[in-house]
Amino acid sequence: MRRLRPPLPVTLLACCALAAAALSACGVPIDTPAPSEAEVLDYASLQCPNEDFEVVGSEEVRELPQKVVYTLRSTERDLTFTATGEITEPVSGKFPTGPKPSVSCDYPSAVLGLYYDDVVAELDGLVAERGSDGMVFTPDDATLYVRSYDQIEEGVRLLAEADALYEPELAYNPLEWIRENASTSIGVRWFDGTLSVEDGSPEGWRHLGDVALYGGFDAGEGLGELADAYAQLIADGDAPSDPTLPEGLLEGVHRSSIDRVSVRGAEVPFDLEGANNRDATNPYQRYHLSEGGGVVAHWSERQGAYLIRVNMDGTDPREHDETGSWLVQQVAELAGGSYQGDATGFSWDVGGMRGHMEYLGLEDGKRVARLELNGRTSYVSCDSGDVGLSDAVAMPIDDFAALFGLSARADEAEGVIRLE
């Protein structure tokens with residue numbers, strides 16, 4: 001009978017883990033030979049899976065640690081590329097790594113190089129032919145700037161023309177491989193027409209998306225995706241209304257986020273743009289500084305409602321009070337009621353609506369709080385992604401308003417959650 005070994009002591013396990021980490025950091029001896037030619041060519045075959053190639057030369061470009069570069073040439077067309085086998089150089093610093101074997105191959109980049117410059121030049125010429133109608137193409141970063149839906153539509157037509165330059169590649173690689181490995185990415189941005197006085201480049205822009213040109217660009221799909229992104233900009237108030245926008249395109253499109261709340265006509269003083277981390281007077285200013293916009297309420301497609309972030313990390317970030325809610329305090333007092341913090345959470349009383357909340361923290365990947373409202377206990381929970389890294393819970397605005405006996409309306413045109 002085989003004897004079972006006793007479990008390793010914890011200290012020994014820890015030592016083993018440290019030894020493994022040290023070995024990883026140390027890597028292989030620096031004089032280890034680079035991966036063999038056969039290993040390098042096997043990897044090159046993975047990168048170049050659809051056409052045959054041959055080795056036309058090799059060069060040891062570094063002796064210690066060794067690095068060997070192989071020059072490869074397609075046997076089907078005039079295309080040369082390289083593959084490399086090496087022992088990487090050690091890296092020092094906070095996270096040191098030792099020498100390690102590595103193989104690489106630049107075949108995808110070589111294929112991209114056959115088309116990229118021509119595609120960019122073609123787009124530059126096509127846009128220039130249109131004259132000064134507001135559309136701009138910047139070849140240095142391969143980006144197309146548009147100002148209206150009509151220009152998006154025309155831009156997609158020009159992209160489809162440039163996409164045709166990739167058609168010869170279909171004789172060597174399938175569409176999906178080209179798209180994933182060697183496509184030309186063109187950025188498409190809406191801009192407000194402002195040009196830099198220094199170099200004439202567009203300013204005041206918003207990114208609509210990236211279009212991959214690879215010989216199989218679907219103009220209809222591309223137009224749909226860019227139009228949807230443009231409609232979202234208009235819904236968010238980042239772009240003005242556009243008379244060229246097709247009827248119905250804005251239907252069902254909601255603002256991404258709303259960062260204003262009013263209570264019976266009086267606004268909650270978030271003052272998101274008016275503070276820094278040193279002198280922030282409410283938690284939402286801190287959220288805004290670290291996360292950007294959308295820290296008060298955001299649209300949830302899954303729930304079909306705006307979710308409002310109810311902070312649970314205090315009423316004043318300067319006092320490090322971790323049991324209160326600045327937002328609940330503001331809403332309760334603006335609604336004519338009262339607010340009180342306590343040892344476990346906080347309570348409020350607005351027109352006979354008496355509530356208490358206690359933040360329970362992170363449970364099974366969700367932020368959870370216990371709610372007592374007029375003697376009934378329930379729980380509020382949300383996905384962590386709905387509130388970022390903050391101690392908070394997110395609630396549909398109707399549920400939040402009900403805590404105070406109020407109703408909620410999202411005024412999307414003005415960008416305000418109105419509690420009445």
Side-chain angles (χ1 to χ4, degrees), residues 107-196 200-236 238-240 242 244-246 248-250 253 256 301:
Y107 174 77
S109 297
V111 173
L112 173 61
L114 295 175
Y115 302 98
Y116 182 87
D117 288 346
D118 289 343
V119 167
V120 169
E122 177 75 2
L123 278 172
D124 196 26
L126 289 171
V127 173
E129 287 174 6
R130 292 173 48 83
S132 56
D133 65 350
M135 188 184 295
V136 176
F137 182 73
T138 53
D140 289 346
D141 58 359
T143 301
L144 181 67
Y145 292 85
V146 295
R147 297 183 58 187
S148 66
Y149 176 83
D150 278 355
Q151 288 190 0
I152 293 175
E153 201 169 36
E154 176 65 10
V156 167
R157 186 187 69 77
L158 301 183
L159 289 168
E161 284 192 41
D163 183 71
L165 294 176
Y166 263 97
E167 289 180 0
E169 186 60 28
L170 299 179
Y172 306 99
N173 284 299
L175 280 174
E176 194 56 37
W177 186 94
I178 305 171
R179 181 173 189 170
E180 294 297 321
N181 298 278
S183 60
T184 294
S185 180
I186 305 296
V188 181
R189 296 170 176 172
W190 170 85
F191 80 118
D192 62 9
T194 304
L195 299 176
S196 168
S201 61
E203 296 182 335
W205 54 264
R206 295 289 188 276
H207 197 68
L208 296 178
D210 297 301
V211 172
L213 302 184
Y214 59 102
F217 172 57
D218 186 326
E221 180 181 336
L223 177 61
E225 292 176 355
L226 294 172
D228 287 346
Y230 180 50
Q232 188 65 63
L233 284 184
I234 295 174
D236 288 342
D238 292 328
D242 182 352
T244 72
L245 201 69
L249 192 58
L250 281 172
V253 181
S256 301
E301 199 66 45

Would you give the length of the straight line joining atom CG of Asp210 to atom CD of Glu225, rounded to the nearest 0.5 angstrom?
10.5 Å
Using only atom types and a distance under 3.5 Å, with no angle test, would you say the side chain of Trp205 pairs donor to acceptor with the backbone of Trp190?
no
Under a 4.5 Å cut-off applied to non-hydrogen side-chain atoms, are Tyr149 and Leu223 in contact?
yes
With a 4.5 Å limit on heavy-atom distance, are the side chains of Ile234 and Val253 in contact?
no
Would you kindly say whether Tyr145 and Ser201 are connected by a side-chain donor-acceptor distance under 3.5 Å?
no
Going from CG on Leu114 to OG on Ser109, what distance comes out if it is rounded to the nearest 0.5 angstrom?
11.0 Å
Of all heavy-atom pairs linking Ala231 and Leu250, the shortest is O-CD2, 3.3 Å
Across all chains, not counting sequence neighbours, the side-chain hydrogen bond (donor to acceptor under 3.5 Å, both in side chains) partners of Glu301 are Trp299
Which of these, Tyr172, Tyr107, Tyr214, sits in a ring-ring contact (aromatic ring centres under 6.0 Å, His included) with Trp177?
Tyr107
Should Val211 and Val188 count as side-chain neighbours, where that means a heavy-atom distance under 4.5 Å?
yes
Identify the two heavy atoms, one from Ala182 and one from Val111, that lie closest to each other, and give their separation to 0.1 Å.
CB-CG1, 3.8 Å
Rounded distance [0.5 Å steps], CZ in Phe191 versus CG in Leu144
9.5 Å
For a quick test of reading the model, state the closest non-hydrogen atom pair linking Ala219 to Val156 and the distance between them.
O-CG1, 3.5 Å
Would you say the side chain of Asp150 lies within less than 4.5 Å of the side chain of Asp242, judging by non-hydrogen atoms?
no
Once you round to the nearest 0.5 Å, how far does CG of Asp117 lie from CG of Asp124?
12.0 Å
With sequence neighbours left out, the residues meeting side-chain contact (heavy atoms from CB on, under 4.5 Å) with Leu158 are Leu123, Leu126, Val127, Arg130, Met135, Glu154, Glu161
Once rounded to the nearest 0.5 Å, what's the spacing between atom OH of Tyr115 and atom OG1 of Thr184?
10.0 Å
Interatomic distance, CG@Leu165 vs CG@Leu213, rounded to 0.5 Å, equals 9.0 Å
Where Tyr166 and Gly215 come nearest, the two heavy atoms and their spacing:
CB-N, 3.3 Å
Decide yes or no on side chain to side chain contact (heavy atoms under 4.5 Å, CB included) for Leu249 and Asp228, but give the supporting numbers first.
CA-CA 8 Å; Leu249 192 58; Asp228 287 346; 4.0 Å; yes
Please check if the side chain of Asp163 supplies one atom and the backbone of Gly216 the other of a donor-acceptor pair under 3.5 Å.
yes
When you compare the side chains of Thr194 and Asp192, does any donor N or O come within less than 3.5 Å of an acceptor on the partner?
yes
Going by atom types alone, do Ser256 and Asp236 pair a side-chain donor with an acceptor below 3.5 Å?
yes
